[in-house]
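Everything below concerns the one structure shown next.
Here the structure is a predicted model, which means the values were calculated and not measured.
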Amino acid sequence: GLKASSGSSAVEQGSSHGLPPEAHQFTAMSFSYSPSFFQHFPKYHAPHLKPGQEHKDPLDTLKPQCLVHCSSWLNEYNECTTRISFRTDGKGDCKGQFEELTMCQDHCIAHEIFGHMK
């Protein structure tokens, strides 16, 4: 019985409003944010582009090119997914083939991407 009464009296002594001191600390720091707060900033425009010209991501052109470069891994992955689809036990996956395909694609992109920097 002594521990419960001593704990509750410490909370009552901590604040004049009946709240623990931590709660009083957070109520003093409340801010109101509105969804329109960030809408007053101008849209970023890359300095190397002409006005009205949109930035084109070089990855959009490199990914398909590099997929062609990695066609052997793509075929390996597609053959795996076909094999897995015919299984009835629900076992197996193509994570290894997918990783090989993406590593090949990433390696190809890494060699090409810096030629597109301005």
Side-chain angles (χ1 to χ4, degrees):
L2 285 175
K3 289 182 183 176
S5 64
S6 65
S8 63
S9 64
V11 172
E12 290 169 11
Q13 292 172 358
S15 172
S16 60
H17 302 293
L19 295 171
E22 305 87 42
H24 183 70
Q25 188 179 16
F26 291 121
T27 55
M29 293 174 44
S30 63
F31 298 101
S32 62
Y33 290 106
S34 68
S36 63
F37 179 78
F38 292 104
Q39 292 176 356
H40 300 292
F41 293 98
K43 190 173 178 241
Y44 173 75
H45 184 75
H48 64 276
L49 296 176
K50 297 182 184 95
Q53 184 182 7
E54 284 292 319
H55 170 71
K56 189 171 182 330
D57 191 350
L59 277 181
D60 296 341
T61 54
L62 287 178
K63 274 189 176 182
Q65 289 172 4
C66 285
L67 205 54
V68 170
H69 174 77
C70 300
S71 60
S72 61
W73 286 115
L74 180 60
N75 292 337
E76 189 89 22
Y77 175 71
N78 288 333
E79 288 169 12
C80 176
T81 55
T82 305
R83 276 194 314 273
I84 297 294
S85 68
F86 288 119
R87 289 185 72 148
T88 54
D89 58 3
K91 292 182 179 173
D93 59 36
C94 300
K95 286 181 186 170
Q97 290 84 347
F98 183 74
E99 283 181 20
E100 292 291 347
L101 173 61
T102 53
M103 283 190 335
C104 176
Q105 198 177 21
D106 288 348
H107 185 79
C108 169
I109 289 171
H111 283 281
E112 301 292 327
I113 192 81
F114 292 105
H116 294 266
M117 300 293 165
K118 295 190 181 203

What pairs of donor and acceptor atoms, side-chain ones from residues 56-71 against any protein atom, are under 3.5 angstrom apart with sequence neighbours left out?
from : atom 1 : to  : atom 2 : distance (Å)
D57  : OD1    : L59 : N      : 3.1
T61  : OG1    : P58 : O      : 2.9
S71  : OG     : V68 : O      : 3.4

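- Within the structure, the salt bridge (Lys or Arg N to Asp or Glu O under 4.0 Å) test picks out the following pairs touching residues 66-87 (sequence neighbours left out): R87-D89.
- For the atom pair W73 CH2 and M103 CE, the distance stands at 7.5 Å (nearest 0.5 Å).
- When all heavy atoms of Q97 and D93 are compared, the pair lying nearest together is OE1-O, 4.4 Å.
- Annotation: salt bridge (Lys or Arg N to Asp or Glu O under 4.0 Å) contacts involving residues 97-112, sequence neighbours excluded, are absent.
- Here the closest non-hydrogen pair linking N78 and T81 is O-OG1, 2.8 Å.
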